[in-house]
There are 2 protein chains.
Amino acid sequence: MAASNTKKTRDADATRARILAAAKKDFATSGLAGARVDEIADRAEANKRMIYHYFGNKDDLFRIVLEEAYTDIRTAEHNLELEHLPAREALEKLIRFTWDYYLKNPEFITLVNSENLHKARHLKNSEKVDELFKRFVGMVGELLERGVTEGVFRTGIDPVQLNITIAAIGYYYLTNRFTGSIVFKRDLMTPEALEERLAFNIETIMRLVCVDP
Amino acid sequence: MAASNTKKTRDADATRARILAAAKKDFATSGLAGARVDEIADRAEANKRMIYHYFGNKDDLFRIVLEEAYTDIRTAEHNLELEHLPAREALEKLIRFTWDYYLKNPEFITLVNSENLHKARHLKNSEKVDELFKRFVGMVGELLERGVTEGVFRTGIDPVQLNITIAAIGYYYLTNRFTGSIVFKRDLMTPEALEERLAFNIETIMRLVCVDP
DNA sequence: CACATAACGCACTAACTGGTTACTTCCCTA
DNA sequence: TAGGGAAGTAACCAGTTAGTGCGTTATGTG
């Protein structure tokens, strides 16, 4: 499973990008401790020396992969432009987006899990993530306020708690899909199971937030 | 941080138990790949050779630690004796229990995360976990039915989906407490924050399940 | 063209890591 | 009380791992 064979001669940006993509893949698959620098270099079709040249060391590489992952999801979220929809529709769109993003980008979940295993020590040194989230929490807060004004949402809901819950009900299902499929004795990843779960999640949040669910 | 100094001369059971406790701690802290067999032996105040004598290899040791963790939580759950309470109270007790258990046993969460990173390959070889969960899902199913009979719960709720959601809203908050505290710019682990989260979770589930929340 | 600069690669190392070999020490019971 | 088996130990091993020293090669610019 190597990077696309567009390896030209001497292209610093391309090499850097290939290393990042390879690192994302390996860190997501094996965790920080389990991932191997040599394998990342192989997958990137780059020399291991280049990893240290561009990224310093394994931990810094991990930090940058993580920052990129957070930037990606927050950018996609921003592009939803929820502010142009009625509050109820906007909320449902956010729930669907969160679910779909986790589903299509499973590496995001495992990267975040890895970072939490390490008590977020990489994120602590990151300035980038800081500003990303300011906008995001604000967005959901405004959405809630708008819903109250429209008369469709209950008052007094904490946007952070709501955010966490919307993420939780999708994240948990997907991150624990392997043990979950065993202990609950059903394949949690069939198209039908996924559809059913999304519907359940939408209902959960709508009943929590809406005046008249 | 060594095991309690009750190390007598020649006690196979005690040595085995010390190794298991040490392994649980280290696997929970560092993950499967990150944990070191030598360190587990040190922490257990046992010789490394004993680990291989009693448990075979690192992966088998991890599997047994995991089985023990699942047995512990399911046993505690069983001891709740929810069947002796009115359905509504029983449900709230289950939500509180789940939250408190995760809070007091953070290693459970990290062990399960590790196992899922490895696609549950250890659990696949476990017969023990199989029967543990049969009882559990049945218990929640009966609780839901009883609530419907009592006229307090809505009909048609899937016990597995409910189970997953109850776990999810606590699990996600706690497993991601490090990154969460950074991105949301508030300490998620103060007593007030924890209390607030539990209240929010109870409200979420009650609104989802109850006819008249 | 010349040449400085940056991209790239080889081969190496010191420390580590899961697992083992060969041995000693203790306890139980015949 | 003798001796057999289980508990426990130290030293070791072969393979792995993150990280580097240093030389080579391409490329853009004066």
Side-chain angles (χ1 to χ4, degrees), chain A residues 2-27 29-66 114 117-118 121-122 125, chain B residues 2-27 29-66 114 117-118 121-122 125:
Chain A
S4 62
N5 259 349
T6 45
K7 196 184 169 190
K8 299 276 161 53
T9 50
R10 305 260 151 161
D11 187 336
D13 287 346
T15 303
R16 222 187 104 100
R18 284 203 319 278
I19 291 172
L20 267 179
K24 186 179 193 173
K25 173 87 183 175
D26 279 5
F27 283 137
T29 305
S30 310
L32 174 57
R36 301 296 166 221
V37 178
D38 283 288
E39 203 194 304
I40 292 171
D42 276 359
R43 187 190 297 280
E45 295 183 55
N47 192 280
K48 183 166 61 153
R49 199 67 188 75
M50 292 294 97
I51 293 178
Y52 291 91
H53 183 242
Y54 289 124
F55 300 101
N57 59 39
K58 196 184 180 185
D59 274 273
D60 283 341
L61 177 59
F62 183 83
R63 197 199 74 239
I64 292 167
V65 166
L66 194 69
S114 267
L117 183 63
H118 294 274
R121 66 166 210 260
H122 306 87
N125 305 324
Chain B
S4 63
N5 259 349
T6 46
K7 195 185 170 189
K8 300 274 160 52
T9 49
R10 308 256 149 167
D11 187 335
D13 287 347
T15 302
R16 220 187 107 100
R18 285 204 317 281
I19 291 172
L20 266 180
K24 187 179 193 173
K25 173 87 183 173
D26 278 6
F27 283 138
T29 305
S30 311
L32 174 56
R36 299 296 165 222
V37 178
D38 283 287
E39 204 194 302
I40 291 171
D42 276 359
R43 187 190 297 280
E45 294 184 54
N47 191 281
K48 182 165 62 154
R49 196 63 189 79
M50 291 293 97
I51 293 177
Y52 290 92
H53 183 241
Y54 289 125
F55 300 100
N57 59 39
K58 195 185 182 185
D59 274 273
D60 284 340
L61 177 59
F62 182 84
R63 196 199 74 238
I64 292 168
V65 166
L66 194 70
S114 267
L117 183 64
H118 293 275
R121 66 166 210 260
H122 306 87
N125 305 324

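So that the names make sense, note that chain A is the first sequence line, chain B the second, and so on, each numbered from 1. Values reported hereafter were calculated over all heavy atoms of this structure, with side chains retained and with hydrogens, waters and symmetry mates removed.
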**Report entry** Carboxylate-amine/guanidinium contact A:Arg121 A:Asp59, below 4.0 Å
**Finding:** yes

Query raised in the report: Salt bridge between A:Asp60 and A:Arg63, side-chain N to carboxylate O under 4.0 Å?
Result: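 A:Arg63 and A:Asp60: salt-bridged.
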
Protein-nucleotide distance ([X], atom [atom1]; [N], atom [atom2]), rounded to Å:
X       : N      : atom1 : atom2 : value
B:Glu45 : D:dT9  : CD    : C1'   : 15 Å
B:Asp42 : D:dT9  : CG    : P     : 12 Å
B:Asn47 : C:dT20 : CG    : P     : 14 Å
B:Asp26 : C:dG18 : CG    : C1'   : 15 Å
B:Asp13 : C:dC27 : CG    : C1'   : 15 Å
A:Met50 : D:dT20 : CE    : C1'   : 12 Å
B:Phe62 : C:dG18 : CZ    : P     : 14 Å
A:Asp11 : D:dG28 : CG    : C1'   : 14 Å

Determine the minimum heavy-atom distance between [X] and [Y], stating which atoms define it.
X       : Y        : value
A:Phe62 : A:Ser114 : CZ-CB, 3.8 Å
A:Ala35 : A:Ser30  : N-CB, 3.6 Å
A:Ala46 : A:Arg18  : CB-NH2, 4.4 Å

Report task. May I ask you to say what B:Phe55 touches in the nucleic acid, namely base, sugar-phosphate or nothing, with a heavy-atom cut-off under 4.0 Å? Result ->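 Counting heavy atoms under 4.0 Å across all strands, no contact is made by B:Phe55.
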
Determine: side-chain N/O of [X] to OP1/OP2 of [N], distance under 4.0 Å, yes or no.
X       : N     : answer
B:Thr15 : D:dA7 : no
A:His53 : C:dA7 : yes
B:Tyr54 : D:dG8 : yes

**Report entry** Among B:Leu32, B:Ile40, B:Val37, B:Leu66, side chain to side chain contact (heavy atoms under 4.5 Å, CB included) partner for B:Leu61
**Finding:**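 Looking at B:Leu32, B:Ile40, B:Val37, B:Leu66, the match for B:Leu61 under the side chain to side chain contact (heavy atoms under 4.5 Å, CB included) is B:Ile40.
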
Requested in this report: Given salt bridge (Lys or Arg N to Asp or Glu O under 4.0 Å), test B:Arg36 with B:Asp26 step by step and report yes or no.
Outcome: CA-CA 8 Å; B:Arg36 299 296 165 222; B:Asp26 278 6; over 6 Å; no

Query raised in the report: To the nearest 0.5 Å, how far apart are CG in A:Asn57 and CD1 in A:Ile51?
Result: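 So the CG of A:Asn57 and the CD1 of A:Ile51 are separated by 11.0 Å.
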
Query - Pair of N/O donor and acceptor under 3.5 Å linking C:dT21 base with B:Arg49 side chain - result: yes

Query raised in the report: Would you say the side chain of A:Arg10 and the base of D:dG28 hold a donor-acceptor pair, judged only by whether the two atoms sit under 3.5 Å apart?
Result: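 Check fails, no donor-acceptor contact within cut-off.
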
Report task. Output all residues satisfying ring-ring contact (aromatic ring centres under 6.0 Å, His included) with A:His118, sequence neighbours left out; order by chain, then residue number. Result -> none

Give each protein N/O atom lying under 3.5 Å from an N/O atom of nucleotides 12-17 of chain D, with the pair distance.
unit_1 : atom_1 : unit_2  : atom_2 : d
D:dT17 : OP1    : A:Arg36 : NE     : 2.7

Query raised in the report: Quick one: stems for DNA chain D, with Watson-Crick or G-U pairs under 3.5 Å, at least three in a row?
Result: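 Only these stems qualify: C:1-30 with D:1-30.
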
